[in-house]
Amino acid sequence: MIAQVIVDVLNSNVDKVFDYKVPDDLSLEAGCRVVVPFGKRVVEGFVINIKDFSTVPNDKLKFITRKIEDSALILPELISLMHFMTERYNIKLVDALRLFIPSELRTGKIKPLKKIMCILNENLDLNAYEMSLRKNSLKQQALLQYMKVKKSEQQSVLNQMFSAGAVNKFKKDGLFLIDEVEERRRPEEMLIIDKQITLTAEQERAIKQIENFENKTFLLHGVTGSGKTEVYMNLIEKAVLDGKTAIMLVPEISLTPQVLGNFKARLGATVALLHSGLSAGERFDEWRRLLLGEAKVVVGARSAIFAPLKNIGIIVIDEEHESTYNSESNPRYKTHEIAKFRMEYNKCPLILGSATPSIKSYFDAVNNKSTLLEMPVRTNKKEMPKIQIIDMMQEIRAGNGSMFSRQLVNDLYECLNNNEQALLFLNRRGYTSFMRCRECGYVAKCTDCDVSLVYHKAEEKLKCHYCGKRFKALTVCPQCNSSYIRQGAIGTQKVVDEIKIIFPQVKVFRMDNDTTRNKNAYQKILEEFSKNKPAILVGTQMIAKGHDFDAVTLVGIIDADQSLYQSDFQSTEKTFQLITQVSGRAGRKDSIGKIVLQTYNPRHYVYKFSANYNYKGFYEKEINIREVTNFPPFSSIVRILITDEKEEVVRETTIEIFSKLGELKQKYAENFYYCEAMKSPHSRIKNKIRYQILLRFTKIKECDILKEIYEIINQYKNLKASIFVEINPMNLS
Ligand code: ADP
Ligand code: ZN
Ligand code: ZN
């Protein structure tokens with residue numbers, strides 16, 4: 001028998017698949033981790049296939065040395081998925097493989113935790129032994145008395161209570177027998193009591209429709225508070241009762257202890273959690289619980305889609321429109337496509353849930369590629385809060401040059417006077433508070449990365465968000481020596497400073513990337529805020545989702561246009577989603593709530609539709625524009641990113657690939673809209689020069705064109721520069 005082995009998964013960035021002979025006494029299956037001889041070294045590898053013959057002559061083949069674990073670590077399904085991913089995204093086998101196993105396992109840094117138990121050996125004559133102990137060895141005496149009662153105890157506990165010396169003596173004398181048991185490191189949980197809920201008619205209908213289907217995608221379009229989570233939990237519970245497993249994905253940011261606690265309360269120990277808040281040991285053990293079948297349901301962020309679960313009964317992607325479901329660094333993949341692969345493999349339903357589905361997902365539903373399920377009513381029957389649009393140009397004309405409109409200030413007065421809470425939301429998608437000279441236009445940039453530095457007022461520092469480099473904040477312009485060098489755009493800190501001038505007595509909290517860097521900081525700020533009334537919370541995207549603010553009755557959107565002028569075809573869609581999401585934060589409990597939306601562009605259609613919560617109207621307008629302008633879902637956009645430390649190498653490779661693509665463009669002339677090569681907007685990151693080629697072509701023949709693009713790229717791959725491909729990227733920076 002011959003095993004195909006990917007070797008050196010840990011160190012190598014090159015796919016090395018080699019044939020090895022399997023010793024007769026070794027039972028081996030695909031997915032096993034093995035040790036193999038490789039040149040003069042021995043290395044680790046993963047078996048990806050077992051076959052009868054090799055094209056390599058028998059005397060050239062070496063034997064597999066041994067397997068590391070008894071059973072396979074990678075399921076057959078995931079090995080198929082690995083092949084699907086390399087074909088679809090042109091990534092390496094090793095890069096896909098690494099997604100399926102925790103990095104802790106690959107590096108060997110974390111091992112299953114073994115608890116060492118000391119067990120009293122009662123076959124010995126304990127009285128005789130006691131007599132033999134020295135009278136003044138009090139610790140040994142005490143240890144023996146303790147164990148006579150307890151019979152067995154963890155060694156580390158005994159070491160602490162008595163002394164390691166005493167414990168070791170008893171071990172040496174054979175009085176203690178030793179047993180090792182595997183112990184699971186479990187993430188901390190929140191105590192939540194499961195509520196008994198009677199399903200609404202809409203929830204019942206959705207559940208009925210979904211559970212009767214296998215191998216089908218459903219788009220669950222339900223307004224904020226319509227009870228989508230209850231639908232997911234119900235279906236997952238049914239799958240588990242049916243002997244199946246389930247995957248539940250949520251965006252990283254909504255993985256709050258509250259949300260996790262709800263799932264735990266309902267489904268108990270069958271739930272494993274996978275998210276970035278876990279310690280390495282916890283993540284490793286949660287993964288093992290899934291692999292060994294101790295846990296049946298995984299609740300986690302994007303990468304939980306690769307969970308080692310067999311016989312999946314349902315897959316859920318909640319908040320499916322979130323851009324975090326796209327991996328934007330190597331290996332680049334789209335979670336929806338992976339989920340679809342696993343849905344087909346397991347013949348189970350896939351649910352995409354959202355209050356504001358992505359244009360692409362809604363388009364698929366409209367075109368019968370998936371089934372649309374609507375839940376238009378909140379479970380508490382309450383109306384969505386009213387959104388008032390404020391024209392900021394008019395404010396300026398009326399002599400108000402501040403960042404707060406008169407309406408917002410009035411509403412804040414009222415809200416705070418009533419002892420209620422307000423959120424001020426600052427949309428900072430792809431937007432930085434840079435430092436700029438008002439005299440000569442100089443902008444402070446990172447010397448390594450060529451991107452604008454971000455001004456951090458608290459530390460009086462300029463920081464590069466790509467490489468972390470720090471610089472002293474400028475007081476004079478290095479170019480013209482003017483002292484008119486200022487912060488160029490509004491940041492959350494600026495909003496906090498200004499609001500404190502207007503409302504000096506009110507508690508103001510801030511939540512953004514800077515204030516939530518430490519573990520648990522996010523939760524702490526929320527807790528503090530919820531305890532204070534009246535209070536204002538100023539924040540970015542982070543406050544838009546995931547958490548219920550019960551006492552918030554007013555939301556101010558400071559500058560709604562921020563995300564509208566991104567050089568990104570999805571910026572309008574993102575703006576609609578954000579407004580809807582932020583609005584959902586007001587008036588969750590008793591009062592209705594109000595939203596004040598400030599814009600310099602009040603006639604833009606995105607505001608008209610979002611102010612009325614008219615998703616359908618927005619979709620129709622937007623899909624129309626996409627069709628006329630040939631943007632996805634009517635076309636495919638492909639970005640080829642070429643990077644290296646040497647600019648000549650990058651430029652040369654780009655030019656060569658670009659000229660080859662020119663031939664492709666001629667071959668498919670009627671399908672191509674454009675093909676351009678350029679420096680990336682962030683043309684240098686961590687000392688690597690970045691160039692890109694952007695292509696846009698019709699959906700027709702997408703597969704053929706992609707295949708040929710990959711063929712061209714692979715002639716250059718691993719030769720000089722690194723080359724990455726993205727299909728319909730969210731972000732072109
Ligand atoms: P969504 O995820 O659609 O925004 P949630 O699932 O968070 O909505 O539900 C909103 C609130 O409604 C939650 O507090 C939930 O406990 C409650 N809820 C859900 N279903 C019902 C029901 N059938 N009856 C009463 N309350 C419900
Ligand atoms: Zn200057
Ligand atoms: Zn930098």
Side-chain angles (χ1 to χ4, degrees), residues 33 66-73 101-102 104-105 107-193 240 245 257 260-261 263-265 267-274 277-298 308-309:
R33 185 156 67 140
R66 63 182 173 89
K67 30 180 200 183
I68 299 180
E69 286 86 3
D70 273 343
S71 49
L73 294 182
I101 40 181
E104 294 81 17
L105 187 122
T107 55
K109 283 201 192 110
I110 304 265
K111 299 232 155 51
L113 196 64
K114 295 272 169 63
K115 199 161 56 175
I116 300 174
M117 299 297 295
C118 295
I119 299 155
L120 188 68
N121 182 356
E122 296 191 84
N123 293 329
L124 287 188
D125 184 344
L126 294 181
N127 287 333
Y129 190 78
E130 191 171 353
M131 299 299 286
S132 77
L133 294 177
R134 290 210 320 267
K135 287 280 162 297
N136 59 352
S137 60
L138 297 178
K139 284 187 176 151
Q140 292 175 15
Q141 303 278 1
L143 173 59
L144 185 61
Q145 296 314 318
Y146 178 83
M147 282 300 276
K148 271 184 173 168
V149 179
K150 196 81 202 279
K151 308 292 186 205
S152 105
E153 179 62 275
Q154 213 175 317
Q155 179 177 311
S156 57
V157 174
L158 294 179
N159 284 347
Q160 271 210 337
M161 285 176 72
F162 305 97
S163 80
V167 174
N168 280 334
K169 175 179 162 47
F170 283 22
K171 273 163 75 177
K172 214 169 72 214
D173 294 345
L175 191 76
F176 283 174
L177 304 175
I178 297 301
D179 191 20
E180 278 190 15
V181 287
E182 221 178 276
E183 191 180 21
R184 300 271 183 254
R185 287 150 288 207
R186 300 288 293 274
E188 191 180 305
E189 286 166 31
M190 198 166 159
L191 262 180
I192 288 175
I193 310 288
V240 172
T245 63
L260 297 174
F263 276 91
K264 282 273 179 178
L267 300 155
T270 60
V271 179
L273 309 173
L274 287 179
L278 304 186
S279 73
E282 288 164 354
R283 201 162 42 235
F284 178 77
D285 282 355
E286 288 293 84
W287 181 85
R288 275 179 67 78
R289 292 207 304 127
L290 291 161
L291 179 73
L292 299 175
E294 291 168 25
K296 310 257 181 233
V297 181
V298 63
L309 285 170

**OP:** Would you please test V298 and W287 for side-chain contact (heavy atoms from CB on, under 4.5 Å) and show each step?
**Re:** CA-CA 9 Å; V298 63; W287 181 85; over 6 Å; no

Original post:
If you draw a 6.0 Å radius around CG in D70, do more than 12 non-hydrogen atoms from other residues or ligands fall strictly inside?
Top reply: no

Original post:
Is there a side-chain contact between L274 and L290 (heavy atoms, below 4.5 Å)?
Top reply: yes

**OP:** Kindly give the heavy-atom pair with the smallest separation between G174 and L124, and that separation in Å.
**Re:** O-CD1, 3.6 Å

Subject >> Point-to-point distance, once rounded to the nearest 0.5 Å, from CD of E130 to OG of S132 >> reply: 9.0 Å

Original post:
Is K135 atom NZ crowded by more than 12 heavy atoms from other residues, nucleotides or ligands, each under 6.0 Å away?
Top reply: yes

Subject >> Approximate separation, where rounding is to 0.5 Å, of K169 NZ and L133 CG >> reply: 6.0 Å

Subject >> Minimum heavy-atom distance C118-V167, with the two atoms named >> reply: SG-CG1, 4.2 Å

Subject >> Contact check, side chains of D173 and K171, non-hydrogen atoms, under 4.5 Å >> reply: no

**OP:** Under the side-chain contact (heavy atoms from CB on, under 4.5 Å) rule, what do N159 and N168 come out as? Steps first, then yes or no, please.
**Re:** CA-CA 9 Å; N159 284 347; N168 280 334; 5.8 Å; no

Original post:
Where do L260 and L273 come nearest, in terms of heavy atoms and distance?
Top reply: CD2-CD2, 3.7 Å

**OP:** Mind checking the CG-CG spacing from L175 to N123? Nearest 0.5 Å is all I need.
**Re:** 11.0 Å

Original post:
Which is it for L143 and F176 under the side-chain contact (heavy atoms from CB on, under 4.5 Å) test, yes or no, and what are the steps along the way?
Top reply: CA-CA 11 Å; L143 173 59; F176 283 174; 4.1 Å; yes

Original post:
So, does R289 use its side chain to make a donor-acceptor pair with the main chain of T270 at under 3.5 Å?
Top reply: no

**OP:** Step through the shown structure and confirm whether more than 12 heavy atoms of other residues, nucleotides or ligands are within 6.0 Å of NZ on K148.
**Re:** yes

Original post:
Is K296 close to L267 at the side-chain level, that is, under 4.5 Å between some pair of heavy atoms?
Top reply: no

Subject >> Distance in Å, R33 CZ paired with S71 OG, rounded so as to fall on 0.5 Å steps >> reply: 11.5 Å

Original post:
Looking at E294, E69, E182, E183, which hits salt bridge (Lys or Arg N to Asp or Glu O under 4.0 Å) with R288?
Top reply: E182

Original post:
If every non-hydrogen atom of A272 is compared with every non-hydrogen atom of E286, which pair is closest and at what distance?
Top reply: CA-OE2, 3.2 Å

Original post:
Which pair of heavy atoms, one from L120 and one from M147, lies closest together, and at what distance?
Top reply: CD2-O, 3.5 Å

**OP:** Drop me the distance from D179's CG to K114's NZ, to the nearest 0.5 angstrom.
**Re:** 11.0 Å

Original post:
Does any non-hydrogen side-chain atom of F284 lie less than 4.5 Å from one of L278?
Top reply: no

Subject >> Pairwise distance CD(Q145) to CZ(F162) - rounded to 0.5 angstrom >> reply: 9.5 Å

**OP:** Return the minimal non-hydrogen interatomic distance between Y146 and E153, and the atom names on each side.
**Re:** OH-OE2, 2.8 Å

**OP:** Before giving the answer on side-chain contact (heavy atoms from CB on, under 4.5 Å), spell out for L138 and Q140 the whole-Å C-alpha distance, their side-chain angles and the decisive distance to 0.1 Å.
**Re:** CA-CA 6 Å; L138 297 178; Q140 292 175 15; over 6 Å; no

**OP:** Please answer whether the main-chain N or O of R134 pairs with a side-chain N or O of Q141 as donor and acceptor at a distance below 3.5 Å.
**Re:** yes

Subject >> Check: P102 and R283 side chains under 4.5 Å, non-hydrogen atoms >> reply: no

